[in-house]
Each structure stands twice: as C-alpha cells, then as structure tokens.
2 protein chains.
Amino acid sequence: MGDVARLAGVSAQTVSRVSNGFAGVTEETRRQVLDAMRELDYRPNSAARALRRGEFRTLGVITFSLSTLGNIRTLDAIATSAAREGYAVTLLPVAVPTQDEVNGAFSRLGELAVDAVIVIMETHLLDAATVSLPPGIPVVVADSDAGDRYTVVDTDQAGGARDAVRHLLDLGHTTVWHLAGPEDSFAAQRRANAWRATLTGAGLVPPPPVRGDWSAESGYRAGLLLAEQPDCTAVFAANDQMALGLLRALHERGRRVPDEVSVVGFDDIPESASFLPPLTTIHQDFAEVGRLCVAGVLAGVRRPTPGPGTTLVPTRLVPRNSTAPPPAH
Amino acid sequence: MGDVARLAGVSAQTVSRVSNGFAGVTEETRRQVLDAMRELDYRPNSAARALRRGEFRTLGVITFSLSTLGNIRTLDAIATSAAREGYAVTLLPVAVPTQDEVNGAFSRLGELAVDAVIVIMETHLLDAATVSLPPGIPVVVADSDAGDRYTVVDTDQAGGARDAVRHLLDLGHTTVWHLAGPEDSFAAQRRANAWRATLTGAGLVPPPPVRGDWSAESGYRAGLLLAEQPDCTAVFAANDQMALGLLRALHERGRRVPDEVSVVGFDDIPESASFLPPLTTIHQDFAEVGRLCVAGVLAGVRRPTPGPGTTLVPTRLVPRNSTAPPPAH
DNA sequence: CCGAGGAATGTTTACGTAAACATCACCCGT
DNA sequence: ACGGGTGATGTTTACGTAAACATTCCTCGG
C-alpha cells in the first residue's frame, strides 16, 4: 500500500480510501491511485483488513462429508448466495458423524476466520454436542429441529410427506406403505410422522413402516419385502434413491409400476425423471433453503442476534409416471 | 492474549509459544497458561495470526456450481485432506460457466485469504481466461488438460474408457457404440478418443458416436436412437447418468439388457448398483484425486513452484449385470 | 476583504500475533 | 569456585490496514 501511495504521490490513507470506494476523493486522485494499483499489481491484504476491521467477510459451513444430495445442493445455494453478498464460504468438513468429530469442528471454529456459521447437520449430534458455539457468532441451522435454541431453516418435510400420501389416497389407494429413512435422521422422522398422521387423519391404520438408510441398495432390500405384501398398492419412499431401489425390486418380482404398485419419492433429484418409470416425487427447493440460511446469518452479523425460530420452505409435488389408481382387483 | 498472559503471570510471548505448541516451555508454565486460556475462553485471532505469519492456512477451490457428481466428490476429498493438514477450504463458486464469471472469480482470488488454489474446471474456460492466476500462488488444476501450463491431477479417463471397450470386446461383441458426453468437456473428449483409439487398435471401424450432455434425459434420447440400430449390441456410455437414461430407452423399446445389448457406464455412482439391471461401470477414485490435489498444492506452498505436469489416477472396471456376450444371432 | 465552514488529504495510532533478539538462572567441568 | 554454556522466559518490533484526528486549502456569505 505504501508503494502504491508513493507512486501515486498520495498518502497510504488515500489509497485505502480509494480501495474501499470511499466518497471524499477527487476523481483525479482516484484515477492516479487506481493506475498505480494496476501498475504495481497491488492487492489488498485480507488478513490485515480483517484484523483492522474485525470481520472476515467469510461464512463457515459445518457439514458432514458432502454425502447426501440435499446437503450438497444446500451448500451450493449457500455458496452462491454468500458470493452475491460479498462473503466467502469456508468448509468445515466433519469426516465421521461422531460426537468427538463434531465437538472438534465446533472448537476449531473458534479460531477460524469466520463471521458466522451455518450448520447442516442432524439434530441428535447437535443436541449432544458438549462444545457450544462461540457466543457472539450468529448461527443458522439447516436440516434440524433445534428451533427452540437456534434459528432454523428447513424444507417443509411434513408438508411434502402429507402431499405425497394425499396424492396416493386421491388416486384411490386404500392405504399407503412407507419406505422410511434412517431413525437417526430428523428429516426421515418428520417424513414418517407426517405420513402416519395423514393416514390416521383419513381414518386409516398405517401399515408398519419399512426402514432403509437412504441408499438405493437399502431401498432394493426393502422393496423385496414390500413386493411380498399382496395388499401393497402404494408406497411413499422417503427419498428418490430408495425409490430407485424399490422400483428395481418390484420389477424383479414382476410387480408392475404403476399398474400394480404406485411409488412416490422425495427430493426430485435430476435422475428421477429418467427412472423406470419416471418417478412421481416431492420437489425440494434447496436453493431457497440456502438463500434463507445466508440471509438469516447475515442479518445476525449486522444486528443483535435474532431469537430462535424455524422457517419452512414449501415443497411441490411433481407428478410423473410412477403413480396411478390401484388395480381394479 | 495480554489478558491471558497477565492471568497466568507470564509474558504474551509465552502465551504465543504455548498456543503454537512450541517446545521450550516448562510443563508447569504451560499448564498455567492453558488454565488461563480456558478461564478467559481465549481463542487466537486468526486474522492477526495470518497477518503475522504471512499465510492463511486456507486453500481456495474454484469450481462451477457444485453441479456434477465428480466435482462434488473431488471437492469433498479435497476438504477432508485439507482438514487433515490443518488447512481450511474456501469455496469460490462460479455461478455460470461464462468467461466473465471465470475472470471475476480469478480476480477476486487476488484479495482472498488463500495460500493456494485448486481449480476444478473444464479446460476451454481456463484457456480463454484473460485474468491469469496471481503469481506466487501455487495452483493445481483438476479435470483439465492444461498439463503444459499447470500442475494437473486427474482420473485416467483414457485408461478407463479403454478398459470399458476392451471388456465389451472380450465378451465377444464385434464393435462398441459410444454415448459420448458434451463436446466442450475435456473428460468427455478423452473418453471418446480412447474409445475410438481402442476400436481402431483392434482393427475395427468405430460407429458414429451419439452425443449427450451428461444428463440421464439426454441418455434416454440417445438410447431411443441406438435402439433402432439392429447391429448395436454393446454401448459404452460416458457416464452413469446417461447410462441410466439409455437403460430406460432400451427397456421401452424392448431391447433386453444384457441379453440383447450390453451397457458399460463411467463413474460408478452409488446408485449404479441399483439400476435395472445393475450397471457394469468404470470406477473413479475421486478421493485419491482430491488427496493428490491437496498434496500438490501444499508442496507448492512449502517450496518453489513445481513445474507443470500431469498426474493420472487409475480407474477400475466394476463388472455387474449390464454386460454379457452378444446374442447368438 | 475576512473568517467560518467544509471538502480533500495527510499523520498518528492500534488491531493481535510471532519472529528476533535480549535477559536471566542454573548446571557442569575443570 | 568460576566461566561458558544451555534452556526458559521477557522485550521490542513489524506485519498491512483503516479509524480517528489533524492539517491544508478553497469557497462563500457578510
């Protein structure tokens, strides 16, 4: 900065003013400084800037190894929104979802160059975390139910599940089976609960849910079971990957979809339109979730911490060819 | 730091020494300092640290919106490897793959708190970039052919494609069709070239390649075309998603896989084991690519810039149920 | 024609850390 | 017993920036 100032014939302070787009600088001076900057290929040192200003213009994102598609899409949206606001995004990957690892990530956080934090993580790990987040750092949590302690942004899992079940009931199915996600996933819990509640609300008795682990393989295994149930004409799968495995199992067992069995997925991954048959599913707006996370966290940076609370992003049913009225019998 | 020093009854420098795990500190003193740190909830200020040390312990990753699965898995591996080395990872998302956007990302880079950069990007955009990378910052490029100008780490696309084609020829197929990726993708080009070279090397005349855009949908459209070719008994798809669409098209047209047509994919995405039928494909070791990217870039941080050059990570054929000898005729 | 007021720019200082150098106490061999 | 280490700790300083305050110079109203 000193070199630039010398070359432009001004003080370092004036260089700083130009560099930050400050008002009170003559057009003439500004031009000279900019020329000098270009000449010397000057780049402001962000460490010094951060030290002086007390902010990093960086957001930290804590997440498990970029595993599930939803987390990835959310992260993508977060990165894009943050960039638009002039913030960089630093990744804090947690390799294994154990308590130790999570605690480690949280404590590393304290000495990380980060103004705010977005956590994409299952509730149960957050609950048990012994290291609390550094006070004074705004936090928004996605994919969790910690609404009473943190600001939470999430997809309206319950609404989506309800729409899926209602869609199948509206087609005339007498009940809807559920291929659930893992028990330790809060999203899976909420989808399962909403499925159950919707059936109960319609005066029906929910059949026992079959549990998978989100993977297509687990969906296949579950599908082999469901194919044995003669009265199973409609299945709501908790995600598209499991629906894919389910389709394969049904196909292998000679149960035609959608003629004999209807299937609804959840997520609307791009491939689901190319499944056999194309999958009716619940679309999640990950971009909106990411956008709201960034907005929430930046609001926290700019003013005193907003209270806890949950914002839900609505879903949308995408009807394709895997659902139809039940067979005439 | 001053407060901690006062509470522990030592100098600030000693606090610094403890904080950095320096050797020459008595066990007694260290304990006192650590106690004081805990008591005051002290966290080193990373901005001051970076300013003083001249390094940020942060890696920048430039990539397109986390779009393709390969890029995501590579990023994941990068983040994990970096964390192990004590480095954070900052994302520099480029929303639209236009020249302007790329240039923008590169120039923002200059003032970013980053010691080194990993670029995950298609060659052609890198070629046309008018803004060059800041000198002095080590760079490693993944998924590109810029081996003459940058250090490049990539999957051995050619070797994988060759294995796929040979696998089909070994099964007895008289030729292998190719469902290629988009023309502007270097990975797609290399896979297509290796496919062509392998056929030519075996004394065969390659049929015209059918081109898709990586998506399952484009694979489906291409599949409708290929299903019309009576002599088409073996297809090498440039990625698993397109193979998925291809399978669907073949199924719709009544061409049984693998009895009538064999299909090999590329990537080995987790879902491919659950396709109908489970897909024979080429496994890519993204974790290794990410690991090598980090290793390469950190080597650059520690010693003068290593020359350009390309490191290839081998692939592995995963045989499943989508390939078989050609029909008896 | 003078002084108040304001715009443009310069000077000083502090942000929190760690390298470099300085100091001090103590141990050992002769 | 004494001098030369050696290991532990303290003091000074600089990293690059921007806020706060100081200075200069010009304009404009009375």
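A note on names: the letters A, B, ... follow the listed sequences, proteins ahead of strands, and every chain is numbered from 1. Scope of the values below: all heavy atoms of this structure, side chains included, with no hydrogens, waters or symmetry mates. Everything quoted here is computed from the prediction, not taken from an experiment.
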In whole angstroms, how far is the [atom2] atom of [N] from the [atom1] atom of [X]?
X       : N      : atom1 : atom2 : result
B/Glu55 : C/dA19 : CD    : C1'   : 14 Å
B/Arg57 : C/dA18 : CZ    : P     : 11 Å
A/Met1  : D/dA19 : CE    : P     : 11 Å
B/Phe56 : C/dA18 : CZ    : P     : 15 Å
B/Asn45 : C/dA18 : CG    : P     : 10 Å
A/Arg31 : C/dA8  : CZ    : P     : 16 Å
A/Glu27 : C/dT9  : CD    : C1'   : 16 Å
B/Leu51 : D/dT13 : CG    : C1'   : 13 Å

Examine [N]: is either OP1 or OP2 under 4.0 Å from a nitrogen or oxygen in the side chain of [X]? Give yes or no.
X       : N      : value
A/Thr26 : C/dT9  : yes
B/Asn20 : C/dA18 : yes
B/Thr14 : D/dG10 : yes

Subject >> Residue whose nearest DNA chain C nucleotide is more 5′ - B/Arg49 or A/Thr29 >> reply: A/Thr29

Minimum-distance pair of heavy atoms, taken over all atoms of [X] and [Y]:
X        : Y        : value
A/Glu85  : A/Arg57  : O-NH1, 4.4 Å
A/Asp115 : A/Ile137 : O-CG2, 3.8 Å
B/Ile78  : B/Val294 : O-CG2, 3.5 Å
A/Val25  : A/Arg17  : CG2-CB, 3.9 Å

Original post:
Hey, are the side chains of A/Val61 and A/Ile120 touching, using non-hydrogen atoms and a 4.5 Å cut-off?
Top reply: yes

Original post:
Under a 4.5 Å cut-off applied to non-hydrogen side-chain atoms, are A/Thr29 and A/Thr14 in contact?
Top reply: yes

Subject >> Contact state string [nucleotides 20-25 of chain C, B base, S sugar-phosphate only, - no protein heavy atom under 4.0 Å] >> reply: B-----

Subject >> Donor-acceptor pair present, A/Arg53 side chain and D/dA19 base, under 3.5 Å >> reply: no

Original post:
Residues two or more places apart in sequence or in another chain: which of them pass salt bridge (Lys or Arg N to Asp or Glu O under 4.0 Å) with A/Arg6?
Top reply: A/Asp3

Subject >> Whichever of B/Ser11 and B/Arg52 has its nearest DNA chain D nucleotide further upstream toward 5' >> reply: B/Ser11

